[in-house]
Structures are given as structure tokens and as C-alpha cells.
Amino acid sequence: MTPLTFQQNILAWFDQYGRKDLPWQQNFTATKDEKPYRVWLSEIMLQQTQVATATPYFNTFIEKFPDMTSLANAPVDEVLHLWSGLGYYARARNLHKTAQMIAERESFPDTLDELLELPGIGLSTAGAILSIAFNKSQPILDGNVKRVLTRFKAIAGHPSNSAVNKELWALSRQLTPIARVADYTQAIMDLGATLCTRSKPACHICPLKTACLARLGGNVASFPTPKSAKALPIKQLVFLLLTVRRFFCLLPQI
DNA sequence: AAAGCGTGGAT
DNA sequence: TATCCAAGCTT
């Protein structure tokens with residue numbers, strides 16, 4: 001299956017079944033930088049966090065801080081308070097710091113280098129912002145994409161392994177289209193979140209089923225390769241064995 | 001390179 | 001109940 005076919009299959013599936021009504025995908029006007037603001041805010045909240053968990057927090061933040069300026073001008077304590085319960089609190093501090101940095105600018109940064117300088121934005125989040133908010137062709141590699149790609153190409157080894165990670169990035173880059181990249185990025189995440197799930201994936205209705213190597217090999221459940229059980233630390237102990245010799249029994253009784 | 005960071009959901 | 005893991009980034 002060529003990259004083009006891969007993209008066409010995923011996009012056709014997205015048009016019919018993709019998620020288009022998530023809170024950060026709607027209810028905003030075309031006001032300048034309102035879209036990247038929402039995409040950025042949602043992407044930060046969604047790091048290692050499920051959609052259902054992040055959603056109420058996103059709605060609260062949008063209500064309290066409808067734009068970058070209001071977030072930048074808020075006391076960091078208020079941001080932290082509204083973040084409480086979401087976890088990974090460094091994200092909230094970085095969010096606030098980044099808001100202040102971007103508020104100083106003319107517009108929301110739209111290049112990879114600029115985005116990577118901002119605290120809390122790594123390669124994948126930068127790719128998500130560029131593709132979803134600006135429709136610029138840039139790959140992502142989040143948990144969903146890792147799951148889809150390790151299965152599609154039957155890539156063994158835990159994704160945290162640097163060689164595996166590098167291979168996955170190369171593959172993601174190779175498969176990311178030039179056109180309709182915003183839809184594509186959302187599509188491959190939707191695929192991973194709704195069909196190509198960790199357990200009980202719905203392979204029978206997957207748009208990639210005819211070429212998915214894991215499925216063709218009947219191996220879907222073994223991808224991504226589970227993290228090998230951490231070797232238990234080996235402790236060496238010296239035992240002092242005390243034995244009661246018969247000889248003690250011969251001592252005079254007191 | 002590997003570990004730390006938070007909480008809630010799924011098995 | 002215990003374990004693994006989730007729209008990762010930072011040090």
C-alpha cells in the first residue's frame with residue numbers, strides 16, 4: 001500500500017466516521033489566532049490524558065481564558081488552581097509561561113523551530129499544532145499513531161526504544177500528506193482512539209485492514225510490543241547459619 | 001538514555 | 001486488587 005493509498009483510505013474513513021465535534025474543534029469564530037490557541041490548549045491538556053478527562057478542563061479554561069491575552073495576564077496561581085486534578089502540573093506552569101511568551105508576539109508561532117522553543121511543546125505537540133491549526137505538513141507521533149503504525153508495519157520492540165522510536169518517526173513522516181494534513185492528523189488519531197485500540201481493536205471495519213501486517217499475521221494483540229517486565233534487582237545476601245551442636249547438650253545443667 | 005511527572009480508566 | 005497505560009515533555 002503506497003503512502004497515497006494509505007492517506008486516501010484514512011481520509012475517506014475520517015470523512016465518514018471521524019470525530020468532528022470535539023470541544024476544541026468547534027464554537028470558535030475565525031478571529032485571528034483563535035484556532036491555534038484552542039488547538040495548543042487542547043494538545044497540552046491531552047498529553048498523557050484521555051479525551052474524556054481533559055474535556056471539562058478545556059471548557060473551563062476557554063470560559064475563563066477565551067484568548068491568549070487573558071491567559072497570559074492571569075495569575076499563575078489561578079491557572080494552577082483551575083488545572084488541579086488534571087495532573088502533570090508542570091504542564092500548567094509551562095502553559096502559562098508559553099502564553100506570556102506568545103502574547104508578546106504579533107501572532108501565534110507557525111514554524112517548527114519557534115514552537116519547539118516554547119516550554120511544554122515537544123516534537124509531537126508541535127506537529128499537531130502545525131498540521132491541525134495551520135494545515136502545514138508536519139508529522140506527529142503520539143500514542144495513537146504509535147499503535148497504528150506498529151501494527152500496520154508489524155514493528156516489534158517497545159516504542160520507547162530509541163531505534164524503534166526513530167523508525168516510527170520516519171514512517172510517520174513518510175505517510176504524512178501535503179494536502180488535507182489537518183484532517184489526516186485528526187484522522188489517524190481518531191483511528192487509533194476508536195478502532196485501533198489497545199485491546200479489542202475493530203480490525204474488521206478498519207480502512208487499513210487489507211494491508212495491516214499485524215492483522216495479516218494474526219498478531220494484532222502483540223503490537224505495540226509490551227514493555228518487557230523490568231528485571232527485578234538482584235540482591236546478594238550473606239546468611240550466617242547458626243547451628244546447635246550436640247556438644248552444647250553435654251554442658252552441665254545449671 | 002532513562003527516569004520522573006499525576007490522575008483516572010480498563011483489564 | 002494490581003498493573004498497565006493514556007493526544008509526551010523535560011532533565
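Numbered from 1 within each chain, the chains take letters A, B, ... in sequence-line order.
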> How are the rings of A:Trp83 and A:Phe61 set to each other: parallel, tilted or perpendicular (split at 30° and 60°)?
perpendicular

> Quote, to the nearest angstrom, the C1' distance that separates B:dA1 from C:dA6.
23 Å

> Return the value, rounded to whole Å, for the distance between atom CD1 of A:Ile44 and atom P of C:dG8.
11 Å

> Under 4.0 Å, heavy atoms only, any strand: does A:Ile121 hit a base, just the sugar-phosphate, or nothing?
sugar-phosphate

> Check DNA chain C against residues 169-194 of chain A and give the residues with a non-hydrogen atom under 4.0 Å, in numerical order.
A:Gln186, A:Met189

> Using a cut-off of under 3.5 Å, enumerate the N/O to N/O pairs linking the protein to nucleotides 9-11 of chain B.
unit_1	atom_1	unit_2	atom_2	d
B:dT11	OP1	A:Ser199	OG	3.0

> Contacts to DNA chain C from residues 91-102 of chain A, heavy-atom cutoff under 4.0 Å, which residues?
none

> Parallel under 30°, tilted from 30 to 60°, perpendicular over 60°: which one fits the rings of A:Phe134 and A:Phe108?
tilted

> In whole Å, what is the span from the CG atom of A:Asn144 to the P atom of C:dC5?
15 Å

> Using 4.0 Å as the upper bound for N to carboxylate O, is an ion pair formed by A:Asp15 and A:Arg180?
yes

> Is there a side-chain polar atom (N or O) of A:Ser162 under 4.0 Å from OP1 or OP2 of B:dA1?
yes

> Tell me the interatomic distance from A:Gln48, atom CD, to C:dT10, atom P, rounded to whole angstroms.
13 Å

> Of A:Trp24 and A:Gly120, whose nearest nucleotide on DNA chain C comes first from the 5' end?
A:Trp24

> To the nearest 0.5 Å, how far apart are CG in A:Asn73 and CZ in A:Phe65?
10.0 Å

> Mind checking if A:Leu118 touches a base, just sugar-phosphate, or nothing, with heavy atoms under 4.0 Å?
sugar-phosphate

> Would you kindly confirm whether A:Ile102 and A:Ile44 end up in one hydrophobic cluster when ILVMFWY residues are joined by side chain heavy atoms under 4.5 Å apart?
yes

> In Å and rounded to the nearest 0.5 Å, what is the NZ to CG distance from A:Lys97 to A:Leu118?
10.5 Å

> Which salt bridge (Lys or Arg N to Asp or Glu O under 4.0 Å) pairs, counting each pair once, include a residue from residues 70-95 of chain A, with sequence neighbours left out?
none

> At a heavy-atom distance below 4.0 Å, what parts of residues 79-89 of chain A sit against DNA chain B?
A:Gly85, A:Leu86, A:Gly87, A:Tyr88, A:Tyr89

> Would you kindly give the CZ-to-P distance between A:Arg147 and C:dG8, to the nearest whole Å?
10 Å

> Round to the nearest Å and state the distance from A:Ile140 atom CD1 to C:dG8 atom P.
9 Å

> Under 4.0 angstrom, heavy atoms only, what part of the nucleic acid is A:Thr125 near: base, sugar-phosphate, or nothing?
sugar-phosphate

> Is the closest side-chain heavy-atom distance between A:Lys64 and A:Val79 below 4.5 Å?
no

> More 5' along DNA chain C: A:Pro224 or A:Pro119, using each one's nearest nucleotide?
A:Pro224

> Just how far, in rounded Å, is P of C:dC4 from NE2 of A:His158?
11 Å

> Cluster partners of A:Leu213, using ILVMFWY side-chain heavy atoms under 4.5 angstrom, listed by chain and number?
A:Leu216

> Atom CG of A:Leu141 and atom P of C:dG8: how far apart are they, to the nearest Å?
10 Å

> Going by an N to O cut-off under 4.0 Å, is there a salt bridge joining A:Glu167 and A:Lys153?
no

> For A:Ser70 and A:Asp67, which I'm curious about, is there any donor-acceptor pair between the side chains at under 3.5 Å?
yes

> Using atom P of each nucleotide, how far apart are C:dT11 and B:dG6 to the nearest Å?
14 Å

> Please report, rounded to the nearest Å, how far the P atom of C:dC9 is from the CD atom of A:Glu117.
16 Å

> Transitively linked via ILVMFWY side-chain contacts under 4.5 Å: A:Met68 with A:Ile132?
yes

> Does A:Trp24 share a hydrophobic cluster with A:Leu82, counting links as ILVMFWY side-chain heavy atoms below 4.5 Å and allowing steps through other members?
yes

> Would A:Lys20 pass as a cation-pi partner of A:Phe14, given that its NZ or CZ must be under 6.0 Å from the six-membered ring centre and within 45 degrees of the axis?
yes

> Run the side-chain hydrogen bond (donor to acceptor under 3.5 Å, both in side chains) test on A:Glu114 and A:Thr111 for me, step by step, so that the C-alpha distance in whole Å, both residues' side-chain angles and the decisive distance to 0.1 Å come before the verdict.
CA-CA 5 Å; A:Glu114 288 176 310; A:Thr111 66; 2.8 Å; yes

